[in-house]
Participant: 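Could you have a look at this structure, given as C-alpha cells, before my questions?
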Amino acid sequence: MSDVPPRLPLGWIAAALRRERTRAGLSLSELAKRAGIAKSTLSQLEAASGNPSVETLWALGVALGVPFSALVEPPTPSVQVIRAGQGPTVASEKAEYAATLLSASPPGARRDIYHLRAEPGAVRESEPHIPGSVEHLIVSTGRVKAGPAGEEAELAPGDYMSYRGDVAHSYEALAPGTTFVLVMQHI
C-alpha cells in the first residue's frame, strides 16, 4: 500500500482503553490475559505509546465486550467532515489491509441507507427530521455542498461528513453526475 493514511492518534486509543477497562472493572493484568497480549503492550497502549494493529485492538475489544469502533472512534463535533484519505486508520499485520472508521452506530440506533444522484441547478432543502436524527454522507462522484443551514461544507469524492438531521439542512450538487451515499441514523 503506497497511500497509507496517517495513523490514528494514540491518545484516542489510550483514553478509550482506560475508559472501557475501568467500566469493565478489570486490572491491566486481567485485560491483557483475556486479550492474549502482553501486559507491557497494554500498558504502553494506555500510555499512548506503542503501535497497535487491527488484531491487537480487535482482541482488546472482544476481551472488553465492546465493538472495535469503541476503541478507535475519535470525539466528534456537531458537524464532522473526513476528507478522502484521512480518518482514524489502523493497518493489519497480516495483509495489505487498512480499516478507516467513519462512524460507529450508537446503541439503539436505526439506520437507513440511500444512494443519491444530483445535478447542479437547484438546492435540495430538507426540513428537520425526527429528534435525534444524524445524517452521514459519503461522496462517490462529483462534488456536493451539504449540511445544516450556515454550516454547509463542500465535499469531493471520498469525503465524509456527519451532521444533525433534526435541523434544517440542504444538499447542492456542484458538478454534473454527482452521486453520494446518505445514511440516516435515527435514535
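When reading the values below, keep in mind they use all heavy atoms of this one structure, side chains included, and skip hydrogens, waters and symmetry mates.
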Participant: Flag yes if Val167 and Val81 sit in one hydrophobic cluster, no otherwise; membership is Ile, Leu, Val, Met, Phe, Trp, Tyr, and two members link when side-chain heavy atoms are under 4.5 Å apart.
Facilitator: no

Participant: Give, for atom CG of Leu155 and atom CG of Leu137, the distance between the pair rounded to the nearest 0.5 Å.
Facilitator: 6.0 Å

Participant: Are any side-chain N or O atoms of Glu119 and backbone N or O atoms of Gly177, one a donor and one an acceptor, separated by less than 3.5 Å?
Facilitator: yes

Participant: Hey, quick one: are Val181 and Ile82 part of the same hydrophobic cluster, counting side-chain heavy atoms closer than 4.5 Å, chains of contacts allowed?
Facilitator: no

Participant: Would the distance check show the side chain of Thr179 and the main-chain N or O of Ser140 forming a donor-acceptor pair, the cut-off being under 3.5 Å?
Facilitator: no

Participant: Using the side-chain contact (heavy atoms from CB on, under 4.5 Å) rule, take Gln86 and Tyr160 through it: C-alpha gap first, then chi angles, then the decisive distance, then the call.
Facilitator: CA-CA 10 Å; Gln86 297 180 349; Tyr160 164 82; over 6 Å; no

Participant: Run the side-chain contact (heavy atoms from CB on, under 4.5 Å) test on Tyr163 and His169 for me, step by step, so that the C-alpha distance in whole Å, both residues' side-chain angles and the decisive distance to 0.1 Å come before the verdict.
Facilitator: CA-CA 9 Å; Tyr163 51 87; His169 53 281; 3.9 Å; yes

Participant: Under the criterion side-chain contact (heavy atoms from CB on, under 4.5 Å), which of Leu26, Leu64, Leu60 is the partner of Arg34?
Facilitator: Leu26

Participant: For Val183 versus Ile113, what's the shortest heavy-atom pair and its separation?
Facilitator: CG2-CG1, 4.0 Å

Participant: Report yes or no: do Met161 and Val134 belong to one cluster of Ile/Leu/Val/Met/Phe/Trp/Tyr joined by side chain heavy-atom distances under 4.5 Å?
Facilitator: no

Participant: Is it possible for you to say whether Leu28 and Val62 belong to one hydrophobic cluster, with membership spreading through side-chain heavy-atom contacts below 4.5 Å?
Facilitator: yes

Participant: Would you confirm whether Arg143, through its side chain, and Ala175, through its main-chain N or O, come within 3.5 Å as a donor-acceptor pair?
Facilitator: no

Participant: For atom CZ of Arg23, is the number of surrounding heavy atoms from other residues, nucleotides or ligands below 6.0 Å larger than 12?
Facilitator: yes

Participant: Does the side-chain contact (heavy atoms from CB on, under 4.5 Å) test come out yes or no for Val144 and Leu116, once each step is laid out?
Facilitator: CA-CA 11 Å; Val144 67; Leu116 296 134; over 6 Å; no

Participant: Could you tell me the separation between the CD atom of Glu125 and the OG atom of Ser170, rounded to the nearest 0.5 Å?
Facilitator: 5.0 Å

Participant: Which heavy-atom pair separates Ala59 from Ala35 by the least distance, and what is that distance?
Facilitator: CB-O, 3.5 Å

Participant: Once you round to the nearest 0.5 Å, how far does CD of Gln185 lie from CZ of Arg111?
Facilitator: 4.5 Å

Participant: Donor-acceptor pair, distance only, cut-off 3.5 Å: does the side chain of Arg110 make one with the backbone of His186?
Facilitator: no

Participant: Show, in sequence, the C-alpha distance, side-chain angles and deciding distance for Glu152 and Glu172, and conclude whether the side-chain contact (heavy atoms from CB on, under 4.5 Å) test is met.
Facilitator: CA-CA 10 Å; Glu152 297 91 347; Glu172 178 183 4; over 6 Å; no

Participant: Would you say the side-chain atoms of Asp166 pair up with the backbone N or O of Ile130, donor to acceptor, closer than 3.5 Å?
Facilitator: no

Participant: Can you spot which of Lys39, Arg21, Arg18 makes a salt bridge (charged side-chain N to carboxylate O under 4.0 Å, His left out) with Glu46?
Facilitator: Arg21

